[in-house]
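Heads up: numbering here begins at 1 and tracks the sequence. Counting starts at 1 for both ligands and their atoms, in listed order.
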Amino acid sequence: MIHSVALGADHGGYALKEAVKEHLLARGIEVTDFGTHSEESVDYPDMAVPPCEAVLRGEVEAALLFCGTGVGISMAANKIHGIRACCCSDIFSARYTRAHNNANALCMGGRVVGAGLACELADAFLDTDFEGGRHAARVAKLAAIEENH
Ligand code: RB5
């Protein structure tokens with residue numbers, strides 16, 4: 001189970017971040033919020049970096065990232081060495097991206113999913129552990145791609 005997360009969002013994901021943040025705090029999850037803190041327009045690549053860096057420094061276990069679709073901020077996060085981000089709008093993927101991909105960032109779209117589903121996606125992600133075993137070798141291959149391209 002993941003007990004600590006960093007949050008990041010652009011304006012398109014701001015409202016959803018706020019809803020998920022309230023849910024996480026009520027659950028007792030440790031939350032570090034890197035913004036954005038309003039509906040004012042900001043660029044999603046800028047908002048992906050600080051929470052992902054907090055993950056890589058070991059300050060939190062995972063990042064939860066939000067933009068309008070969840071896609072742009074997941075692309076930005078996946079450019080960062082050591083981040084394995086998944087954009088999810090279904091519970092199965094949110095669970096198995098932890099179990100099989102050892103994802104350390106979950107991305108959601110504020111214009112795609114409602115607050116209720118987003119909180120359940122976050123729960124599925126946080127409550128699932130990496131299974132290791134044969135999946136560890138595959139995740140190592142992801143890291144090798146990162147090293148070689
Ligand atoms: C911003 O309008 C929007 O493009 C952004 O939130 C995100 O959906 C990009 O992938």
Would you tabulate the polar-atom pairs, meaning N/O of ligand 1 against N/O of the protein, with distances under 3.5 Å, reported to 0.1 Å?
{"from": "ligand 1", "atom 1": "2 (O)", "to": "Arg111", "atom 2": "NH1", "distance (Å)": "3.3"}
{"from": "ligand 1", "atom 1": "6 (O)", "to": "Asp10", "atom 2": "OD1", "distance (Å)": "3.4"}
{"from": "ligand 1", "atom 1": "6 (O)", "to": "Asp10", "atom 2": "OD2", "distance (Å)": "2.6"}
{"from": "ligand 1", "atom 1": "6 (O)", "to": "Gly68", "atom 2": "N", "distance (Å)": "2.7"}
{"from": "ligand 1", "atom 1": "8 (O)", "to": "Gly68", "atom 2": "N", "distance (Å)": "3.2"}
{"from": "ligand 1", "atom 1": "8 (O)", "to": "Thr69", "atom 2": "N", "distance (Å)": "2.9"}
{"from": "ligand 1", "atom 1": "8 (O)", "to": "Thr69", "atom 2": "OG1", "distance (Å)": "3.3"}
{"from": "ligand 1", "atom 1": "10 (O)", "to": "Thr69", "atom 2": "OG1", "distance (Å)": "3.2"}
{"from": "ligand 1", "atom 1": "10 (O)", "to": "Gly72", "atom 2": "N", "distance (Å)": "3.0"}

**side-chain hydrogen bond (donor to acceptor under 3.5 Å, both in side chains): pairs with one or both residues in residues 87-98, sequence neighbours excluded** = Asp90-Ser93, Thr97-Asn101, Arg98-Asn102
**Prompt:** Below 4.5 Å, heavy atoms only, C-beta onward: do Ile73 and Met47 meet side chain to side chain?
**Reply:** yes
**Message:** Are Leu16 and Phe125 linked, directly or through intermediate hydrophobic residues, by side-chain heavy-atom contacts shorter than 4.5 Å (ILVMFWY only)?
**Reply:** yes
**Complete:** dist Leu24:CG -> Leu64:CG (nearest 0.5 Å) comes out at 6.0 Å
**Prompt:** Tell me, which pairs form a ring pair (Phe, Tyr, Trp, His ring centres under 6.0 Å) where one or both residues lie in residues 19-47, sequence neighbours left out?
**Reply:** none
**Request:** With sequence neighbours left out, write down each residue that passes ring pair (Phe, Tyr, Trp, His ring centres under 6.0 Å) with His135, or none if nothing qualifies.
**Result:** His100
